[in-house]
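What follows is one structure encoded as structure tokens, with my remarks underneath.
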Amino acid sequence: MISNYGEMELKWQKRWADKGLFRAIRDEKKPKFMVIFAYPGVTGYLHVGHMRGFSYADAIGRYKRMTGYNVLFPVGTHATGNGSISLAAKIEKGNEDMIDYLKRNGCPEEKIKDLTKPMNVVDFFNDVYVNEYWKRFGFLADWRRFTCTLYPDYAKFIQWQFRKLKENGLLIQKPYYAPSCIVHGPVAVDASETDISKGGNAETQEYVLLKFKHGDEYLVAATLRPETIYGQVCFWVNPDVEYVRMTYNGEKWIVSPQAFEKLQYQKDGVEKTGVIAGKDMIGWMCTAPALHKEIPVFPATFCDPNVGTGLVTSCPSDAPDDWISLEEVKKNPELKEKYGLSQELIDSVVPISIIEIKGYGEFPAQSIIQSMGIERPGDSKLVDAKKQVYKDGYHMGKMKANCDLIAGMRVEEAKDRMKEIMVAAREADIFYDLTEEVICRCGSKVLIKRIDDQWFINYADKDLTERTKEHCKSMHIEPTEYYNNVQGVLDWFRERACARLGNWLGTKFPYDEKWIIEAISDSTLYPIYYLISLYANEGRIKPDQMVPEFFDYAFLGEGDVEAVSKTTGIDVPTLKEIRDDVKYWYPLDLNLGGKEHMTVHFPAFLFNHTGILPQNMWPRGIMVNWYVTGKKKINTANNKLEGTKISKSKGGAQPIPGAVEKLGVDPMRLFYAHAASPFADVEWDEENVFSYKQRVEKILSFMDELMAMKDGKKSDVDDWLLSRMNTHIAEIEEAMDSFDIRQLASTVYFEMFNDFKWYVRRGGNDPETIRKAARLWIMTMMPITPHIAEEMWEGFGFEGMVAEAQLPEVDHTSRSSVTEYGEDFIRDVMADIQEIIKVTGMEPKRIVLYTPSEWKLQVYRKALALHKEGKLDIPTLTKNCMADETLRTKGKAVSDLARKVAQDYMRLSVDKLESVLGIDETEHLSAAAKFMSDEIGYPVEVYNADDEGRYDPNGKAKVAVPSKPGIYIE
RNA sequence: GCCGAAGUUGCCAAGCCUGGUCAAAGGCGACAGACUCAAGAUCUGUUCUCGUAGGAGUUCACCGGUUCGAAUCCGGUCUUCGGCACCA
């Protein structure tokens with residue numbers, strides 16, 4: 001027994017390290033297997049969930065290692081971006097939450113004060129990931145090759161990669177509208193709020209700016225629904241807002257001050273020329289674009305100067321806000337008075353029905369207002385009403401005949417068409433805005449900014465896409481759903497902005513150093529870099545030497561080695577060695593990553609390989625793993641059991657070191673492997689992990705028992721056990737062809753264990769068989785629970801370490817389905833006996849089994865013979881039996897049995913029938929009678945039905961058929 | 001909304017591609033028994049319903065279809081989850 005798991009684990013980790021097992025060294029005589037997991041971002045401590053995918057990679061690597069492959073399993077980290085900048089900034093400011101978080105995860109106090117510099121943060125966590133997570137989990141990764149995206153040598157690689165993209169025509173520049181801090185430049189707006197302090201749910205929306213002419217000025221309204229232009233009847237201005245007069249493109253515009261600020265970031269030559277009070281515009285007449293009709297300007301307080309341009313065109317038929325505000329204007333005499341609007345003018349404004357939506361009346365806005373019971377402007381339900389009617393309109397609506405250029409179109413297409421028409425006629429313009437306020441980490445506003453010379457990787461390139469899609473068909477991608485889906489993902493992938501301006505960590509863009517290469521784009525081709533990082537880490541090559549010619553030679557085999565040596569200053573043998581490594585190890589055999597990578601990293605990873613490297617270096621496999629979710633809780637809202645996301649940033653996640661100490665590495669690895677299919681989320685449940693720990697301990701103590709069996713002898717079950725073991729190994733091989741780690745776990749920790757237990761229960765105790773079988777068993781445990789496997793391996797005194805052992809080929813000669821069936825047969829018979837005892841509630845004095853008469857066996861044998869020829873059916877078998885003199889004398893009994901046999905076995909394998917006939921049941925059951933008596937607790941006797949002297953008061957012998965002996969209990 | 005995935009017996013979770021050996025693996029929990037001074041220990045059995053003879057009945061979200069036969073194939077419905085881009 002193991003008294004201290006931690007010590008035991010560390011002991012073996014040290015031995016593996018001392019022996020240098022982690023090192024992957026090129027060996028041309030052996031086939032290679034290169035596996036990575038998508039390296040994690042350095043954003044702080046990881047939690048137990050992250051170890052799931054990482055552990056798969058190690059288990060697969062170990063399995064491959066055991067089955068004859070030379071395995072390269074390198075690791076690294078991804079630190080590009082601003083995660084560590086913001087972490088460092090928080091420490092600097094003494095942010096208590098952050099300091100608390102670090103402490104809670106076991107960061108030593110004295111370390112914390114060092115973490116005020118971003119690079120220190122990166123170095124610190126690199127150390128944590130490697131030592132506290134990966135090494136602690138017993139990974140056999142080639143630590144010498146560790147790399148990080150912020151290392152100077154890595155930067156050289158990325159610069160080369162971008163040069164290649166450019167040379168291959170895959171880098172393009174074009175304008176781009178990106179959320180951008182007014183101080184720091186582009187930021188990422190997403191739910192994790194890595195870059196920002198507020199507004200993670202904001203989305204960028206494209207508005208159409210509609211220009212309403214008034215004199216020589218334009219009132220500019222922003223709309224998401226250009227197709228409603230034909231329904232416009234008036235224009236809304238907020239009387240309480242002071243608007244800005246500005247010039248743009250030789251035109252005079254009026255917009256809200258906020259909109260003016262935003263426009264400055266999106267349009268050139270925008271200038272403020274004055275201001276105008278909203279209330280001064282009330283009562284104006286302006287000309288609507290496209291419609292070319294005069295409409296009046298009315299007051300509306302719902303016009304928010306922060307949204308769009310703060311000016312709104314009114315289409316009451318389809319906009320609930322407009323409808324209700326128009327009603328208000330009509331009903332409210334004060335407004336009339338205040339703004340001097342004539343009754344005549346007001347009366348002239350009537351909604352125009354323009355869109356037909358199933359389930360709505362003539363005026364959709366009116367319908368929804370009535371059904372939701374909204375009565376006045378400002379009602380909070382208006383937000384939902386708007387959403388609903390917009391949504392239904394968009395998907396189900398159809399433009400009515402009065403809509404001129406877009407009449408009869410579905411709203412979906414009318415929208416784009418109308419936009420194009422008006423923009424082309426210079427009656428409209430485009431404008432981008434965020435759906436909610438976004439504030440940068442620095443406290444400044446985030447607005448949408450036009451970037452003219454934004455660099456993109458052109459993933460939309462047709463040729464590249466086709467090539468990549470085609471290649472994916474030949475790849476091994478798990479799960480199958482993703483294999484199918486990736487085709488669509490690759491199609492959907494568009495140009496991707498690949499560089500950023502501002503304060504980011506990362507590699508400088510080689511063609512223009514003001515740009516920093518963006519986080520996704522610098523982590524696509526990197527698996528190949530692990531072949532170089534080894535040399536860089538060992539100081540054999542310096543970043544300065546890693547000029548383009550170096551990579552051209554190393555990766556592409558271009559250039560003359562002597563010349564490259566001269567250019568780079570790297571000696572020829574080293575260059576050749578590197579080139580040989582690349583040729584040997586690449587392509588990557590398996591890239592394993594969480595499901596979040598399916599639409600981002602994996603496609604980019606594929607595209608960069610197919611875009612830069614020759615075809616024989618394109619990746620061979622991808623495996624996607626699902627998550628470990630938080631403990632499920634009852635959601636009181638809907639009374640359902642729901643998992644909660646384990647989140648790095650939000651806390652509440654189980655830190656890894658604590659879990660390791662409490663539960664042990666092997667139980668955790670087993671939990672990851674077995675708790676669910678890799679392609680399903682699994683709940684983190686300590687109780688569950690604990691039960692895996694118990695299973696591991698059970699196996700350990702069971703092994704102790706086996707080791708103690710020194711003087712047993714051979715029996716029938718020995719053959720059975722060895723047959724079972726080989727059958728299981730064949731199963732494992734098949735499962736692991738598709739990296740089915742769960743099946744491996746299931747076979748090894750459950751099925752094999754059960755077989756061993758049965759072996760012992762049946763009296764098996766032969767030391768030679770035990771050693772032989774245990775040897776196989778322990779080896780198959782090595783991928784998932786390597787530490788205890790070593791412990792047992794050593795206990796049995798097997799040579800070397802199991803981590804370097806080779807799993808033998810399946811020994812087909814020792815496999816026998818007849819032998820295996822023999823034990824199933826015993827179990828079935830026992831189950832039948834138990835069933836009878838249970839149902840009758842008897843306290844048996846005597847249990848008698850009857851094996852079937854010879855004539856029945858004859859029928860079965862005939863069935864088998866026919867089955868082998870594929871001719872087993874009822875009439876054929878019956879005829880066949882009746883052709884036999886002795887059988888014919890039995891008459892109906894034979895034909896009845898023949899029918900039953902044919903029916904039962906027609907659709908089953910020949911193998912099954914062969915097994916049933918393969919054993920002599922009388923002999924087999926007699927031999928097992930003692931065992932069964934002991935197990936059941938009552939005496940068991942066995943007779944053959946043809947035995948004249950049998951004890952058979954109930955005539956049970958005659959119901960006996962092969963595989964189903966008659967049973968009599970009294 | 002679009003795209004994708006899923007709904008299995010108290011819970012977790014296999015099976016579904018390749019229909020029959022599926023009342024449906026395994027684990028957990030529960031129950032009974034064994035062993036114990038004791039143990040979140042271990043072992044054995046049971047765990048949809050009915051049943052004094054190894055059987056029968058009703059199940060794999062719901063409705064319908066294909067088939068001799070469907071948890072598995074097809075169509076539809078409902079529900080849940082994920083992705084929807086500059087975010088690792």
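Bear in mind that the values here come from a model prediction, so they are computed numbers and not experimental data.
Shown here are the salt bridge (Lys or Arg N to Asp or Glu O under 4.0 Å) partners of Asp755(A), two or more places apart in sequence or in another chain: Arg724(A). Qualifying side-chain hydrogen bond (donor to acceptor under 3.5 Å, both in side chains) partners for Lys469(A), counting only residues two or more places apart in sequence or in other chains: Asp491(A). Take Asn754(A) and apply the side-chain hydrogen bond (donor to acceptor under 3.5 Å, both in side chains) test, not counting sequence neighbours, and it matches no residue. Applying the salt bridge (Lys or Arg N to Asp or Glu O under 4.0 Å) rule to Glu495(A) yields the partners Lys174(A); only residues at least two apart in sequence or on another chain are considered. Partners of Trp758(A) under the side-chain hydrogen bond (donor to acceptor under 3.5 Å, both in side chains) rule, at least two apart in sequence or in another chain, are Glu823(A). Remark: Tyr749(A) pairs with no residue by the ring-ring contact (aromatic ring centres under 6.0 Å, His included) rule, at least two apart or across chains. Take Gln694(A) and apply the side-chain hydrogen bond (donor to acceptor under 3.5 Å, both in side chains) test, not counting sequence neighbours, and it matches no residue. Scored by the salt bridge (Lys or Arg N to Asp or Glu O under 4.0 Å) test, Arg225(A) finds Glu227(A) as partners (sequence neighbours excluded). With sequence neighbours excluded, no residue forms a salt bridge (Lys or Arg N to Asp or Glu O under 4.0 Å) with Glu970(A).
If you take atom P in A30(B) and the same atom in C11(B), they sit 15 Å apart, rounded to whole Å. Across A23(B) and A14(B), the matching C1' atoms stand 15 Å from one another, rounded to whole Å. Rounded to a whole angstrom, the distance from the P atom of C48(B) to that of G26(B) is 12 Å. Comparing the C1' positions of C2(B) and U8(B) gives a spacing of 29 Å, expressed to the nearest Å. A71(B) and C22(B) are spaced 8 Å apart, taking the C1' atom of each and rounding to whole Å. For the P atom pair drawn from C73(B) and C84(B), the interatomic distance equals 29 Å after rounding to whole Å. Nucleotides C28(B) and A13(B), compared at atom C1', are 10 Å apart to the nearest Å. Spacing of P atoms, U49(B) relative to A25(B), comes out at 15 Å, to the nearest Å.
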Would you give a per-nucleotide map of nucleotides 27-46 of chain B, 5' to 3', where B means the base has a protein non-hydrogen atom under 4.0 Å away, S means only the sugar-phosphate does, and - means neither?
SS-----------BSSSSS-

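Rounded to whole Å, atom C1' of C86(B) lies 13 Å from atom CD of Glu495(A). Atom CG in Asn954(A) sits about 13 Å away from atom P in G54(B), given to the nearest Å. Summarising the geometry, the separation between CZ on Phe605(A) and P on C86(B) is reported as 23 Å, rounded to the nearest angstrom. G54(B) atom P lies 7 Å from atom NZ of Lys956(A), rounded to whole Å. Per the geometry, CD1 belonging to Ile967(A) stands 10 Å off P belonging to G54(B), to the nearest Å. The distance between atom CD1 of Ile836(A) and atom P of G51(B), rounded to the nearest whole Å, is 18 Å. Between the CG atom of Leu849(A) and the C1' atom of G54(B) there is a distance of 12 Å, rounded to whole Å. What separates CD1 of Ile833(A) from P of A53(B) is a distance of 16 Å, to the nearest Å.
With both pairing distances under 3.5 Å, G10(B) is matched to C28(B) as a Watson-Crick or G-U wobble pair. The base-pairing partner of A70(B), taking Watson-Crick or G-U wobble contacts with both distances under 3.5 Å, does not exist among the strands shown. Across all strands shown, U36(B) forms no Watson-Crick or G-U wobble pair with both key distances under 3.5 Å. In this structure, C16(B) forms no base pair with any nucleotide, since neither Watson-Crick nor G-U wobble geometry is met with both distances under 3.5 Å. Both distances falling under 3.5 Å, in either a Watson-Crick or a G-U wobble arrangement, occur for no nucleotide opposite U59(B). Judged by Watson-Crick or G-U wobble contacts below 3.5 Å, the nucleotide U21(B) has no partner.
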Short heteroatom pairs, N/O only, protein and nucleotides 3-8 of chain B, under 3.5 Å:
none

Close N/O contacts between protein and nucleotides 15-21 of chain B (under 3.5 Å):
from	atom 1	to	atom 2	distance (Å)
G20(B)	O6	Arg907(A)	NE	2.8
G20(B)	N1	Arg907(A)	NE	2.6

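Two rings, from Phe750(A) and His674(A), have their centers less than 6.0 Å apart.
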Just do the side-chain contact (heavy atoms from CB on, under 4.5 Å) check on Tyr627(A) and Val682(A) with the steps written out, would you?
CA-CA 6 Å; Tyr627(A) 296 150; Val682(A) 61; over 6 Å; no

Check step by step if side chain to side chain donor-acceptor pair (under 3.5 Å) holds for Glu705(A) and Ser701(A).
CA-CA 7 Å; Glu705(A) 277 175 49; Ser701(A) 67; 5.4 Å; no

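Between Tyr526(A) and His601(A), the ring planes lie tilted relative to each other; the angle falls in the 30° to 60° range.
Candidate nucleotides G54(B), A14(B), C86(B) were compared by shortest atom distance to the side chain of Ala676(A), and A14(B) ranks first. The Arg742(A) side chain lies nearest to A13(B) when the options are A13(B), G54(B), A88(B). When each of U52(B), G54(B), A88(B) is scored by its nearest atom to the side-chain atoms of Asp832(A), the top-ranked nucleotide is G54(B).
Within the 4.0 angstrom heavy-atom criterion, base atoms lie near Pro965(A). If you check every strand for non-hydrogen atoms under 4.0 Å, Ala178(A) touches nothing. Residue contacts for Tyr968(A): at a heavy-atom cut-off of 4.0 Å it reaches a base atom on one of the strands shown.
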